[in-house]
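In what follows, chains are A, B, ... by sequence order, proteins preceding strands, each numbered from 1. Just so we're clear, the structure is a prediction, and the values are computed from it rather than from any experiment.
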There are 2 protein chains.
Amino acid sequence: MNETEPLDHSVCKATVRPIRDALDVLNGKWKLPIIVALTFGEKRFGEIAKEIDGITDRMLSKELQDLVANGLVRRTVEDTFPIRVTYALTPHSQSLNEVIESLRKWGILHRAYLVNEEK
Amino acid sequence: MNETEPLDHSVCKATVRPIRDALDVLNGKWKLPIIVALTFGEKRFGEIAKEIDGITDRMLSKELQDLVANGLVRRTVEDTFPIRVTYALTPHSQSLNEVIESLRKWGILHRAYLVNEEK
DNA sequence: CGGTATCCCCTATGATACTG
DNA sequence: CAGTATCATAGGGGATACCG
């Protein structure tokens, strides 16, 4: 390394990568609503759909697949008739609690800040 | 209120709103890279551009405006010739530290989780 | 240097219909 | 009930050129 300049640069990238990873997992319009809906306990596909205003079957299905792929949600098919599919948060999803809580707190703080500024 | 069902529903929405607010402020491909770049100290437009791989002038300009509007970044025009514009984080942006840190930690944790699962 | 204006494309999401 | 298939659309973001 010849100069100090590239230092910032690589530190910067190394810092941002995990942050982006995290945001990517949580992103999309419906991921958080789904996760929050499931914090009240295991639910069926139709129940989640009813809980979340405006979501379509297509999006619910897609986002659930994403969450399952990321190990945050468990999908269980009960072999009844008609079949019954339930979704629930996984133990791994608990690790998100701190993240979600800090986002929630900051969202509230920031809204208060904006209201105060616009006076 | 007649049933217990609508309870989840409204609690759910009230919980999600601030979380979405927070995510909206941080979202977009470049907001975090810009914020992180500025944690190393005040920088000029061109310096930020050089720091962040792949960003175009257009996006940098647009995202900086967003960050300024949200009170996270301060823009200062120095009346020299040619003019010199510097950007720096505001005190309010410090309140994001906990959020960013928890996202960063979770990003790392989650990546480790995924690697472990795929074995 | 520090941007803005234009044009263009692609991905995320929505609407609707259909199936086991 | 629990989805998938198909089509349509808005806006986020890239490329390029230009401006004070």
Inset, instruction - Please answer whether the main-chain N or O of A:Val11 pairs with a side-chain N or O of A:Thr15 as donor and acceptor at a distance below 3.5 Å. - result: yes

Inset, instruction - Mind checking the CD1-CE spacing from A:Ile52 to A:Met59? Nearest 0.5 Å is all I need. - result: 11.0 Å

Legend entry - Where chain A begins and ends its contact with DNA chain D, read 5' to 3' at 4.0 Å from heavy atoms: D:dC1 to D:dT6

Legend entry - Donor-acceptor side-chain pairing of B:Arg84 and B:Thr86 below 3.5 angstrom: no

Legend entry - A:Glu47 and A:Lys50 ion-paired at < 4.0 Å: no

Legend entry - A:His9 and B:Asp53: side chain donor to acceptor below 3.5 Å: yes

Legend entry - Residue pairs fulfilling salt bridge (Lys or Arg N to Asp or Glu O under 4.0 Å) with at least one residue in residues 18-33 of chain A, sequence neighbours excluded: A:Arg20-A:Asp24, A:Asp21-B:Arg111, A:Lys31-A:Glu63, A:Lys31-A:Asp66

Legend entry - Nucleic acid footprint by protein, nucleotides 1-16 of chain C - heavy-atom cut-off 4.0 Å, B for base, S for sugar-phosphate alone: SSBSBB------BBB-

Inset, instruction - In sequence, state the C-alpha distance, the side-chain angles, and the governing distance for B:Val99 and B:Leu26, and then conclude on side-chain contact (heavy atoms from CB on, under 4.5 Å). - result: CA-CA 10 Å; B:Val99 176; B:Leu26 297 182; 4.1 Å; yes

